[in-house]
Amino acid sequence: MQITGAILVGANDRTGGSTFQAVDPASGETLSPAFHEASPTDVDAACALAAEAFPTFRDLALDVRAAFLESIAEEIAALGDDLIVRAMAESGLPRARLEGERGRTMGQLKLFASVLREGSWMDVTIDPAMPDRAPLPRPDLRRLNVALGPVAVFGASNFPLAFSVAGGDTASALAAGCPVVVKGHPAHPGTGELVARAVRAAVAKAGLPAGVFSYLPGTTNELGGALVADARIKAVGFTGSRGGGLALVKIASERPEPIPVYAEMSSVNPVVLFPAAARNRGAALGEAYVASLTQGAGQFCTNPGLVIALEGSDLAAFEASAAAAMGKTPAGQMLTPAIHGLYSKGVDALAAHAAVETVARGPVGEGVNQAQGAIFAASADAFASDPVLGHEVFGSSSIVVRARDMDEVKRIIRGLEGQLTATVLFDEEDEELVAEIVPLLAERSGRVLGNGWPTGVEVSHAMVHGGPFPATSDGRTTSVGTLAIARFLRPVCYQNLPDRVLPPALRSDNPYGVARRVDGTMTQA
Ligand SMILES: NC(=O)C1=CN([C@@H]2O[C@H](COP(=O)(O)OP(=O)(O)OC[C@H]3O[C@@H](n4cnc5c(N)ncnc54)[C@H](OP(=O)(O)O)[C@@H]3O)[C@@H](O)[C@H]2O)C=CC1
Ligand SMILES: O=C(O)CCC(=O)C(=O)O
């Protein structure tokens, strides 16, 4: 499939005034072709088409919408190696990682298709009428979840496939029955266009209204701002910086009709290393820590940016092993010159901090825009007295906090901001302490993991990839896994309406055969 640099508004290819080009971060060279910057006129056209498409798309038979999601996955597969080659050039990510990400992207579309067919996402609940109830009769009440309306999706730079144009936000919004308008990430416009064309092909094959999907490439905050401000947009999905996410939350909340913004922003993903684990296998854990920290040049929002442990010789052995591993781990290619610049600034600030010790630096990169890994350490007092030490440095940088005792460990945890993940590394002897710490971590994070590493998120039914602010702007939900569909739904109750005017899932004959809660009891079809 050809990359043309067009703005994809429904079925139309549009061109704009100014253009921009992608940059290969590994060479610093610009890549062809030039991409047209979407304008406010394109935002208006995309949102108008999305609003027009909404009722038809929302009311599609479940199987038709499920087949559409599966067809997007097939169209992405049909892009073949061109997609991988372009994504490698635009992101600097290696082939194996991008092939895995493509599989994950297709897998999550198919998973949402199965969720649609199964039907419990609608949460159909029926309280039958009780005409003879005294002193007052009860009306017939029937509730289900319905789509919110058109959704704006901001693709992430660090997952050009799985968190971008047809990534988790788009898949869950389409599954819910919401048309999607994507603001393409300027770091991977060619990858974005290829995937957008695949989605558009699936829209056409299914005979759906073209406004179900549009793709707006661009490099300006104004473009994203105009999209979120458009009255026809009813929710926003975002993965990126805290500043970007909060800017969109502000725009959304100041609209005449405020709307929800589901922004996944920043997290340092604390790891608590318990005493027996440090004593029994500190060296092995030190190596595993560096493997997780440096994976993908540390450009994961789940990367272990903070380790908390008791000071002493066991922690010293963990740090020494981590330092040795870091010394052997080549610098990782970063996604963009800007992200590399922010990383270097963050690491330099920590290295220059009076209360911070540099435990290890990785080898200096031989190419451009490469992240030289970094491990720092600080006392619990120093960490607690400067909030900057707890901020995310996006890349392979992490800080070890040395606590004097478990009370200090608890104090540090109580002072943490909201997190996507929190990890406990423990052996059997530690379990009593773990039981005290896990509730503190669960209060502050979306996922608590035992004896693993937080990078790599399973796409499944039970997954939560969310967490209290600032990990996300709304800690009640998730951006990965099937629960993500709930972000784009709202409940509607129908009272005393005859079958013929009710949505199919609420009718007496239950044509979709979905499980329903009737008078408080779950019933199979
Ligand atoms: N925790 C995480 O998961 C991630 C964190 N990051 C952090 O973000 C930094 C920059 O990376 P990047 O991916 O570019 O993330 P950004 O948050 O800068 O950008 C993400 C998307 O949001 C848009 N955007 C950003 N700010 C605004 C705004 N004020 N108004 C409207 N739209 C906006 C951008 O569009 P445009 O630039 O075209 O305006 C882009 O499409 C990284 O160094 C890292 O610190 C990045 C990725 C993931
Ligand atoms: O670790 C993962 O698989 C997902 C990470 C993520 O969501 C992110 O880096 O934005």
Side-chain angles (χ1 to χ4, degrees), residues 20 35 37-38 43 91 93 97 100-101 104-105 108 152-165 167-169 182-189 192 216-229 236-252 261 263-269 292 295-305 334-347 369 371 391-395 397 419-421 446-447 449 452-460 463-467 470-472 478-481 484:
F20 67 100
F35 292 86
E37 287 266 3
V43 171
S91 68
L93 293 169
R97 151 70 194 270
E101 211 184 303
R104 172 174 168 169
T105 308
Q108 63 197 4
V153 170
F154 288 73
S157 56
N158 60 336
F159 277 77
L161 300 173
F163 282 78
S164 191
V165 175
D169 285 341
V182 171
K183 152 68 175 73
H185 198 290
H188 55 260
L216 306 176
T219 59
T220 68
N221 285 186
E222 289 69 28
L223 170 61
L227 181 59
V228 174
V236 179
F238 168 95
T239 302
S241 64
R242 192 191 295 206
L246 288 181
L248 301 186
V249 168
K250 186 166 186 295
I251 295 168
V261 175
E264 187 218 291
M265 298 178 291
S266 69
S267 182
V268 293
N269 306 298
S292 176
Q295 188 184 342
Q299 299 167 118
F300 283 78
C301 54
T302 46
N303 124 318
M334 298 206 85
L335 293 155
T336 67
I339 288 176
H340 177 254
L342 285 171
Y343 173 73
S344 302
K345 204 169 145 201
V347 167
N369 301 315
H391 287 175
E392 180 186 58
V393 176
F394 190 68
S397 164
Q419 305 290 336
L420 291 170
T421 74
R447 178 165 58 113
L449 316 64
W453 295 94
T455 40
V457 177
E458 183 72 29
V459 182
S460 70
M463 177 50 65
V464 174
H465 189 58
T472 74
T478 175
S479 63
V480 176

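Atoms within each ligand, like the ligands themselves, are counted from 1 in listed order.
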Proximal ligand 2 atoms for [X], defined as those under 4.0 Å from one of its heavy atoms:
| X | result |
| --- | --- |
| Thr239 | 10 (O) |
| Phe300 | 1 (O), 2 (C), 9 (O) |
| Glu264 | 7 (O), 10 (O) |

Of the protein's non-hydrogen atoms, which lies at the shortest distance from [atom], and what is that distance?
| atom | answer |
| --- | --- |
| atom 2 (C) of ligand 2 | Val457 CG2, 3.3 Å |
| atom 23 (C) of ligand 1 | Phe154 CD2, 4.0 Å |
| atom 10 (C) of ligand 1 | Ile339 CG1, 4.0 Å |
| atom 6 (N) of ligand 1 | Gly240 C, 3.6 Å |
| atom 7 (O) of ligand 2 | His465 NE2, 2.7 Å |
| atom 25 (C) of ligand 1 | Gly244 CA, 3.8 Å |
| atom 6 (C) of ligand 2 | Cys301 SG, 2.7 Å |
| atom 27 (C) of ligand 1 | Asn221 ND2, 3.5 Å |

Check for a donor-acceptor pair, side chain of [X] on one end and backbone N or O of [Y] on the other, with a separation under 3.5 Å.
| X | Y | value |
| --- | --- | --- |
| Gln299 | Gly296 | yes |
| Asn158 | Leu335 | no |
| Gln419 | Val268 | yes |
| Gln108 | Ala162 | yes |

Under 4.0 Å from a heavy atom of [X]: which atoms of ligand 1 are those, numbered in the order shown and with their elements?
| X | answer |
| --- | --- |
| Glu392 | 1 (N) |
| Leu342 | 43 (O) |
| Leu248 | 30 (N), 31 (C), 32 (N) |

Report yes or no: does a heavy atom of [X] sit under 4.0 Å from some atom of ligand 1?
| X | answer |
| --- | --- |
| Ala156 | no |
| Glu222 | no |
| Phe238 | yes |

Test of understanding: given a 4.0 Å heavy-atom threshold, classify the contact between [X] and ligand 1 as side chain, backbone, both, or neither.
| X | value |
| --- | --- |
| Ala247 | side chain |
| Leu335 | neither |
| Cys301 | both |
| Arg242 | neither |

Not counting sequence neighbours, which residues clear salt bridge (Lys or Arg N to Asp or Glu O under 4.0 Å) with Glu392? List them please.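 Per chain and number, Glu392 pairs via salt bridge (Lys or Arg N to Asp or Glu O under 4.0 Å) with no residue.
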
Under a 4.0 Å heavy-atom limit, does Leu420 contact ligand 2 with its side chain, its backbone, both, or neither?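 Near ligand 2, Leu420 shows nothing, with every heavy atom at 4.0 Å or more.
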
Pick one of side chain, backbone, both or neither for how Gln295 approaches ligand 2, counting any non-hydrogen atom pair under 4.0 Å.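 Gln295 to ligand 2: no contact under 4.0 Å from either part.
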
Polar contacts were defined as any N/O atom of the residue lying under 3.5 Å from an N/O atom of the ligand; does this apply to [X] and ligand 1?
| X | value |
| --- | --- |
| Asn158 | no |
| Ser266 | no |
| Glu264 | yes |
| Thr219 | yes |

[X] and [Y]: side chain donor to acceptor below 3.5 Å:
| X | Y | answer |
| --- | --- | --- |
| Glu264 | Thr472 | no |
| Glu37 | Thr220 | no |
| Thr455 | Ser292 | yes |

Who pairs with Asn369 by side chain to side chain contact (heavy atoms under 4.5 Å, CB included), at least two apart in sequence or on another chain?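 For Asn369 the side chain to side chain contact (heavy atoms under 4.5 Å, CB included) partners, ignoring immediate neighbours, are Pro25, Gln333, Pro337, His340.
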
Any Ala156 heavy atom less than 4.0 Å from ligand 2: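 So Ala156 does not count as touching ligand 2.
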
Side-chain heavy-atom pair Pro454, Asn303 within 4.5 angstrom cut-off: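 No - every pair of side-chain heavy atoms lies 4.5 Å or more apart.
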
Val480 side chain reached by Phe163 side chain, heavy atoms, under 4.5 Å: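 Yes; the side chains approach each other to less than 4.5 Å.
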
For atom 15 (O) of ligand 1, the option (of Pro217, Ser241, Ala38) bearing the nearest heavy atom: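 Among Pro217, Ser241, Ala38, the closest heavy atom to atom 15 (O) of ligand 1 comes from Ser241.
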
Looking only at non-hydrogen atoms, find the nearest pair between Phe238 and Asp169 and report the distance.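 Nearest heavy atoms, Phe238 then Asp169: N-OD2, 3.5 Å.
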
How far apart are the closest heavy atoms of Ser266 and Arg242, and which atoms are they?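 Looks like OG-NE, 3.4 Å.
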
Separation between CD of Glu458 and CZ of Arg104, rounded to the nearest 0.5 Å: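 The CD atom of Glu458 sits 9.0 Å away from the CZ atom of Arg104.
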
Please report the interatomic distance CG(Leu420) to CZ(Arg447), rounded to the nearest 0.5 Å.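 Separation between the atoms: 8.5 Å.
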
Considering the options His185, His188, Glu101, which one meets the side chain to side chain donor-acceptor pair (under 3.5 Å) requirement together with Ser164?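 When His185, His188, Glu101 are each tested with Ser164, the side chain to side chain donor-acceptor pair (under 3.5 Å) holds only for His188.
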
